[in-house]
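These figures come from a predicted structure and were not determined experimentally. So you know, we letter chains A, B, ... as the sequences are listed, proteins then strands, and number each from 1.
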Amino acid sequence: MSTSIKINIKSKVFQTNTNKRKKHFAIGKLNLNISKGEFCSIIGPSGCGKTTLLNLISGLDKSLNGKIIFDKKKQLKDIRTAYMFQNPRLLPWLTVLENVEVVLSKEQKESNRAREILNIMGLEEFLGYYPSQLSGGMQRRVALARSYSSQPELFLLDEPFVSLDDEMANKLRDMLISLWTNEPTTIIFVTHDLREAIYLADRIIFLSSAPSRVLMDKKIGIRRPRKLDDRKIESLRKSIISRNKQILKGVDTNA
Amino acid sequence: MPIRKYLSSIKGFSFILLFILWELLSNFSNPATFPSLLSIGKTLFAEVLDGELIFHLGMTLYRVFVSFFIAMIVGILIGMLMGNYKNFDSFFDGWNILFLNIPALVLIILSYIWFGLTEVAAIVAVSLNKIPNVVVTIREGAKSIDKRLLQVAFVYKVSNVKKFFIFYIPQLFPYIIAAARGGISLIWKIVLVVELLGRSNGVGFKIHEFFQFFDIKSILAYTIAFVIVMIGLELLFFKPLDNYSRRWRT
């Protein structure tokens, strides 16, 4: 099960706390359609409103000026959503297993889904551990297991693999891809790492610096399963950058 | 010698020193006003066998628990509201500061005057003395709640009951335990005063009675009995509870 999502944001403005009259335009006019089961990556410079965008989609930020429409006109409250944050955000007083089960419905819990996913993630030995006893990489794995166990129709990820070493980050990327291949869902993956985006996504949306709008919408045609050291990834990255040198800084040099 | 063992041996030694000092002083003073430990022990034993001490201790403990629970429940509710909502905070803050600074004795006497020399008046007086302290501690806790964890509950559409008991309360738990610990030790001292002023049973009442007869031995015997019970409560209840709430910390 997954949902399509149609995003029409008119604007998103933050009032600064220090100066009431000064406003920060985080997002400009932003239109985006993502189809069912698509792995969509959003890339842009820091401070361009990527996290804000995810918060608007997930409903964490309720001040939406615009519309977000899901499949069959379903309301957000009826869409099973998962969100993997920059930090794992596990509950320190729950064990690994409890941390995953706490977000599951009764039926999901009874179907032993948490254990199943934790096994896939190689955490079967750590079910009774508390997060403080785990390494950063393992905490992320638990967070990923929590997200996927909830059988999301929409899965939001906000730079979930930053501050991990390459090896661990790659392992987690592969886990995400294999979970998604087995149980496809609509993914919106925010990152500032172009190589990561190309490796993972079906499609990359390049955002401008704030107030953000879509600079470029790029389909990634590299056939799956992809390999990290695939030369196509590197050459695609180079060609994107050479065609538009400032794109990762959120500036459209061709415009 | 490991540092812990060393420190606890200092603790033991200081206790023994206190006993020795006491015995020395009692040797050189009037045994009626400064009785020896042995004679206090004998009195304690006799009072326990007699059953009277147990009865009065029971009455006092009953008042301690009832007012403790009332103070905790009301204090936690108000504290949570004040920590979470600025309107509540502004509204109750003045009241709270006022009550924090009213002497315990004044609240007790007013309570007896308004509600009569009744059990209810006694318990209201004790609870009112404790509630402001609980509020201050819990408000601090509620203000330091990690909202990012509550966002997790929101995104995964966790039910409100689950959100409250699994995502919210555990964050508040250390503050609740701190309030409870401080609460019980303050409350039992106030309960004695309340009993002394307007009850016809309980440890406070008995101490008042012994005071009239200058029965220092019995006063100390009751004191020791009560202190032992309260230390037992700390060791058998609060300590394990605290350890349980910290089990996930490494």
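For a residue to count as touching a neighbouring chain, one of its non-hydrogen atoms must lie under 4.5 Å from one of that chain's; by this rule A:Phe85 touches chain B with the side chain only. Looking at B:Phe173, there are no atoms closer than 4.5 Å to chain A (heavy atoms on both sides), in backbone or side chain. Proximity to chain B is limited to the side chain of A:Leu94, based on heavy atoms less than 4.5 angstrom apart. For A:Asn55, no part lies near chain B; criterion is any non-hydrogen pair under 4.5 Å. For chain B, no part of A:Ser105 is nearby; none of its heavy atoms comes within less than 4.5 Å.
Judged purely by atom type and a 3.5 angstrom limit, B:Lys162 has no side-chain atom pairing as donor or acceptor with the backbone of A:Val103.
Atom CZ in B:Arg249 sits 13.5 Å away from atom CD in A:Gln133 (nearest 0.5 Å). For the atom pair CD1 of B:Ile166 and CG of A:Leu91, the computed distance is 8.0 Å after rounding to the nearest 0.5 Å. Between A:Arg89 atom CZ and B:Gln151 atom CD the span is 5.0 Å, to the nearest 0.5 Å.
Taking a 6.0 Å sphere around NZ of B:Lys143, one finds it holds more than 12 heavy atoms contributed by other residues, nucleotides or ligands. Residue B:Asn160 places its CG atom among 12 or fewer non-hydrogen atoms of other residues, nucleotides or ligands, all under 6.0 Å distant. For B:Phe92, the CZ atom counts as densely surrounded, since its 6.0 Å shell holds more than 12 non-hydrogen atoms of other residues, nucleotides or ligands. No more than 12 heavy atoms of other residues, nucleotides or ligands lie within 6.0 Å of CZ in A:Phe25, so this atom counts as exposed by the packing criterion. The environment of B:Tyr85 atom OH is sparse: at most 12 non-hydrogen atoms of other residues, nucleotides or ligands sit within 6.0 angstrom. Within a 6.0 Å radius of CZ in A:Arg203, more than 12 heavy atoms belonging to other residues, nucleotides or ligands are found.
A:Lys62 forms a cation-pi arrangement with B:Phe154, by the criterion of a distance under 6.0 Å to the ring centre and an angle within 45° of the ring axis.
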A:Ser147 and B:Tyr156: CA distance, side-chain angles, deciding distance, side-chain contact (heavy atoms from CB on, under 4.5 Å) verdict: CA-CA 9 Å; A:Ser147 299; B:Tyr156 290 97; 2.9 Å; yes

Trace of the side-chain contact (heavy atoms from CB on, under 4.5 Å) decision for A:Trp93 with B:Gln171: CA-CA 9 Å; A:Trp93 46 87; B:Gln171 298 196 52; 3.2 Å; yes

Candidate pair B:Trp248 and A:Thr95, rule side-chain contact (heavy atoms from CB on, under 4.5 Å), full reasoning: CA-CA 8 Å; B:Trp248 46 272; A:Thr95 62; over 6 Å; no

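Put simply, of A:Ser58, A:Pro92, A:Gly59, A:Ser150, the one with the most heavy-atom pairs under 4.5 Å next to chain B is A:Pro92.
Contact record, B:Val158 with A:Val102: CG2-O, 4.0 Å, taken as the closest heavy-atom pair. Heavy-atom minimum distance, A:Ile79 versus B:Lys157: O-NZ, 2.7 Å.
Counting heavy atoms from C-beta on, the side chains of A:Tyr83 and B:Val152 never come closer than 4.5 Å.
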